[in-house]
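Quick note on labels: first sequence line is chain A, next is B, and so on, each numbered from 1.
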Amino acid sequence: MRHAILTIAVGGLLMGPATARAHHAFTAEFDANQPIQLRGIVTKVELINPHSWIHIDVTGDNGEVTNWAIEGGTPNTLFRQGVTQGSLPPGVEVIVDGYRAIDGSFRANGRDITLTDGRKIFIGGSSPGAPTQ
Amino acid sequence: MSDPEVQMHCRRIACLLAMGIAATLTIPPAFAQTPADPDWTVPRTPDGRPELQGLWSYATITPLERPADLADKEFFTEEEARAWEDERLREMNMDRRDGTAAQDVSRAYNDFWWDRGNSVVSTLRTSLVIDPPDGRIPLRVPGGRGRGFGGLAGLGGRYDGPEDRPLAERCILLGSGGAPMVPTFYNNNVQLFQTGDHVVLVNEMIHDARIVPLTPRSGLPEDIRLWLGDSQGYWDGDTLVVETTHFNDRRSYQGAAENLHLTERFTRTGEDTLLYQFTIDDPTVYTRPWTVEIPLWRNHDLMYEYACHEGNEALAGVLAGARAREAAAAEEEDR
């Protein structure tokens with residue numbers, strides 16, 4: 001039996017300089033003061049534009065299950081790299097390190113998504129050590 | 001799902017990720033650097049024009065302007081290019097966790113989701129700007145528009161409603177798709193279609209289609225202004241030239257907006273290469289015209305949809321974040 005955990009750490013961190021240019025301002029949607037770690041079971045993967053969403057069921061210490069939505073990037077990049085809707089099927093357990101939405105809803109950005117054995121998923125591209133084109 | 005099933009799926013993910021890495025290997029810019037085939041001739045359409053059709057990529061990490069530390073260097077050597085790429089890819093890497101919390105949030109998701117390309121342009125130029133010769137955007141006229149990418153409408157500092165937000169957040173325009181087209185974080189692909197009297201440029205970023213007539217027409221009235229401008233195409237020998245004016249004043253490229261006269265040139269240079277150049281001419285903003293060059297390479301993959309509006313939950317999230325911050329500030333004030 002898997003025991004999912006939910007940890008929210010709130011720190012008095014200062015806002016940094018300009019954000020990376022992207023479809024939208026991440027710092028306007030997610031709170032740098034609310035780093036979060038979620039461990040849960042994938043329930044649905046939405047490969048939609050402009051941003052994909054991975055939904056996971058997280059069981060709190062009191063046994064209550066909450067469905068969280070984790071924001072990703074455009075699915076087009078994933079399709080080109082061979083990832084499909086079935087690549088992360090319901091039932092897989094993942095650990096998400098990210099930041100919670102400012103409005104307090106059960107949404108977060110997924111800075112790192114890892115499998116429970118420690119392997120990172122959705123990592124590559126221009127990461128150091130990744131093959132160049 | 002049982003643990004063995006999970007392991008199987010996990011292996012499948014790893015396999016697919018490995019396949020993904022292999023897929024990126026199928027589109028090497030190095031290919032574009034191979035010397036031109038002396039026997040290659042421009043393929044032509046039935047009416048004798050150069051064949052430009054297909055899916056072309058403009059992904060590159062070459063900067064728009066030449067970095068200051070490369071001021072006297074117009075071209076890299078191969079060795080310099082590889083070293084510069086390594087350094088730049090390390091800087092841009094979204095998986096690094098060495099910044100502030102705000103930087104960490106802005107890095108948003110792993111590098112896997114980004115598709116900027118991993119290489120400099122095949123010509124090994126140190127900047128996309130080729131004129132002025134110093135590779136830098138020329139000086140602006142005093143009082144001209146500020147530099148910018150995403151447009152003038154919605155400068156991003158207010159959150160009262162969707163109209164306050166930048167064009168990209170509203171899925172109206174993501175400037176990289178054109179016009180002109182410039183490399184960005186993903187979706188750097190354009191598909192060209194040709195008939196005897198029209199060319200259509202469908203951009204993967206926000207799936208805008210520019211329909212360019214090749215037969216001369218009378219221009220639009222001055223007061224008709226368009227997000228993508230009004231384009232007229234013609235052939236200059238084997239080069240397709242597209243001139244675009246009548247942009248509206250709510251979008252811009254590097255500050256050039258309603259007075260921009262954009263000239264784009266497309267020239268086949270090889271079986272899998274198409275040279276793209278554009279000139280920005282806006283005397284109300286810049287002291288002189290300037291020109292960008294990007295060698296496009298054929299993308300043998302598919303064009304994918306980018307239905308930005310359909311799934312744009314982020315805009316609601318941004319506005320909800322602003323309301324939450326206002327409520328927190330009001331609560332703080334009441335104490």
K.L.:
Does the side chain of Glu71(A) pick up a donor-acceptor pair with the side chain of Asn109(A) at under 3.5 Å?
P.N.:
no
K.L.:
For Trp53(A), which residues count as a ring-ring contact (aromatic ring centres under 6.0 Å, His included) partner, sequence neighbours excluded?
P.N.:
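With sequence neighbours excluded, Trp53(A) shows a ring-ring contact (aromatic ring centres under 6.0 Å, His included) to no residue whatsoever.
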K.L.:
Going by distance alone, is a donor N or O of one side chain under 3.5 Å from an acceptor N or O of the other, for Thr123(B) and Arg125(B)?
P.N.:
no
K.L.:
By a 4.5 Å heavy-atom criterion (distance strictly below it), what part of Ile48(A) contacts chain B: side chain, backbone, both, or neither?
P.N.:
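When you check distances to chain B, only side chain atoms of Ile48(A) fall under 4.5 Å.
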K.L.:
Check each atom of Ile61(B) against the heavy atoms of chain A and say whether the ones under 4.5 Å are side chain, backbone, both or neither.
P.N.:
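For Ile61(B), neither part sits under 4.5 Å from chain A.
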K.L.:
Roughly how far apart are Tyr58(B) OH and Leu296(B) CG, rounded to 0.5 Å?
P.N.:
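Atom-to-atom, Tyr58(B):OH and Leu296(B):CG are 9.0 Å apart.
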K.L.:
Looking only at heavy atoms and a cut-off of under 4.5 Å, which of Ile102(A), Asn76(A), Asp103(A) has the most pairs with chain B?
P.N.:
Asn76(A)
